[in-house]
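The sequence lines fix the lettering, A, B, ..., with proteins before strands; numbering per chain opens at 1.
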Number of protein chains: 2
Amino acid sequence: MPRPSKPRLSKDKIHRAALELVDRDQDFTMPQLAARLGVSPSSLYHHVKGGRAEIIDGLRARIGGQTRHLLHETGASWDDRVRQWARAYHAALSRHPFLIPVLVGESVDDTPTLDLYEDLATVLREAGLRGEDLVLGLSLVDVWVLGAAVDAASPEPLWDTDPEKHPVLHDAVRSVSTGRAARTFELGLDAVISELRSVLERSGRP
Amino acid sequence: MPRPSKPRLSKDKIHRAALELVDRDQDFTMPQLAARLGVSPSSLYHHVKGGRAEIIDGLRARIGGQTRHLLHETGASWDDRVRQWARAYHAALSRHPFLIPVLVGESVDDTPTLDLYEDLATVLREAGLRGEDLVLGLSLVDVWVLGAAVDAASPEPLWDTDPEKHPVLHDAVRSVSTGRAARTFELGLDAVISELRSVLERSGRP
DNA sequence: ACCTGAACACCGTTCAAGT
DNA sequence: ACCTGAACACCGTTCAAGT
């Protein structure tokens with residue numbers, strides 16, 4: 001087949017198809033992606049020269065962009081703004097839970113996600129955190145949101161227990177309710193906010 | 001080459017070689033593993049019939065076993081015991097930081113790791129947590145330890161910032177010191193313990 | 001510019017054949 | 001029982017060839 005008069009592919013189409021595959025299969029491969037787009041695998045490289053790695057970067061950027069779209073900064077208190085930030089990011093990640101394992105372990109360098117972290121850094125700075133405390137605050141919120149997202153993407157039950165060998169754990173697993181991951185996220189978010197508050201107090205601000 | 005008089009391979013050798021590869025390359029493949037053991041890829045399947053997935057399971061079990069080996073339960077208070085548990089698991093995971101992305105997203109069913117979580121469940125139960133609160137407590141500690149381990153495995157700097165576009169974030173990144181991940185872990189651990197304490201108080205125990 | 005098919009160097013896994 | 005080589009169905013990526 002020759003070159004079509006209108007391009008069949010675009011970055012946006014590629015990203016959307018990749019997300020659909022991740023949502024369905026927990027992962028995507030280049031041939032699968034090409035098949036879904038009715039195109040040959042090599043065609044993909046005309047639109048995304050960095051290949052698979054660049055596509056993953058694009059997906060991360062999409063999540064970052066969606067998160068910022070959810071963020072309507074009101075004049076609320078710093079802790080409410082941190083809560084909003086964490087919930088928005090968590091919500092955006094939760095729409096594609098299987099994406100998190102794919103994203104994990106790579107350094108962030110796309111503009112939307114960096115913009116997102118700039119937002120958080122600004123809130124924490126306005127709250128009064130500086131220097132190393134600011135970095136620790138960022139890390140604290142970041143680790144919690146990403147950790148909770150990985151947790152949300154994990155299969156339930158988390159633990160495959162035998163009542164004989166692990167009675168206490170087994171009993172706990174039995175009383176798991178729907179929304180466990182969501183409630184864990186909220187509980188930990190409370191914990192993180194409290195800790196930020198005590199860091200602020202320690203550094204001498206109310 | 002025929003069958004040797006003494007087996008060249010064993011589960012233990014395979015696991016150790018796989019860990020070495022993960023430590024060096026952040027991952028392992030069956031051919032790489034075979035080459036390192038001086039053997040053909042197909043040989044591996046005589047010792048580990050579940051293939052790559054079973055090897056990964058074995059690595060998780062090793063970490064679980066090592067963690068329990070670090071745990072010498074003293075008659076300390078529940079919060080000290082939770083701290084010990086989290087630090088031991090964190091330490092075991094930190095010895096092989098690149099292993100975490102490999103482990104993530106699979107349900108736990110090996111005995112050593114289940115034993116480990118049974119330990120934690122027992123401590124939390126003795127502290128007074130029951131039913132759903134116990135599950136939330138387990139999740140809280142679990143998410144934090146694994147999230148912090150992923151964080152520790154991430155490349156520094158976490159964010160590739162341009163001072164023009166992301167001034168606050170850039171400034172924060174500049175003041176990152178060595179041990180950032182370790183200090184984040186400790187700070188979050190404090191937060192988790194405090195939150196567990198307030199859950200206990202809410203449910204009516206001192 | 002955009003798509004194709006062929007090619008390359010990889011994967012994980014199976015299996016008959018050897019001892 | 002334990003190791004081998006060949007084979008299968010996959011990967012991601014490159015590249016000359018087409019329009």
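Pair check for D:dC11 finds none; no Watson-Crick or G-U wobble contact set falls under 3.5 Å.
The distance from atom OH of A:Tyr45 to atom P of D:dC11 is 12 Å, rounded to the nearest whole Å. To the nearest angstrom, C1' of C:dA9 lies 13 Å from CD of B:Gln32. Rounded to an integer number of Å, the gap from B:Leu37 CG to D:dT4 C1' is 16 Å. One can place CZ of A:Phe28 at 13 Å from C1' of D:dC11, the figure rounded to the nearest angstrom.
Closest approach to the B:Arg8 side chain among C:dG12, C:dG5, D:dC3 is made by D:dC3 (side chain taken as heavy atoms from C-beta onward). If you check C:dC11, D:dC3, C:dC3 against the side chain of B:Pro31, the one that comes closest is C:dC11. Taking every side-chain heavy atom of B:Leu9 into account, D:dC3 is the closest of C:dT13, C:dC3, D:dC3.
Not one side-chain nitrogen or oxygen of A:His47 sits closer than 4.0 Å to the OP1 or OP2 atom of C:dA1. The side chain of A:Thr29 contributes an N or O atom lying less than 4.0 Å from OP1 or OP2 of D:dC11.
For the pair B:Arg62 and B:Asp12, the salt-bridge criterion is met [side-chain N within less than 4.0 Å of a carboxylate O]. A salt bridge does not link B:Asp57 with B:Lys11: none of the charged nitrogens is closer than 4.0 Å to a carboxylate oxygen. One finds a salt bridge joining A:Arg83 and A:Asp190 here, because a Lys/Arg side-chain nitrogen approaches an Asp/Glu carboxylate oxygen to under 4.0 Å. Salt bridge A:Glu186/A:Arg87: present, at least one basic N to carboxylate O contact under 4.0 Å.
At the heavy-atom level, B:Ser43 lies under 4.0 Å from base atoms of the strands shown. Residue contacts for B:Ser42: at a heavy-atom cut-off of 4.0 Å it reaches a base atom on one of the strands shown.
For B:His46 and B:Arg52, each mapped to the nucleotide of DNA chain C holding its nearest heavy atom, the one lying further toward the 5' end belongs to B:Arg52. Sequence order on DNA chain C of the closest nucleotides to A:Leu44 and B:Met30 puts A:Leu44 first from the 5' end.
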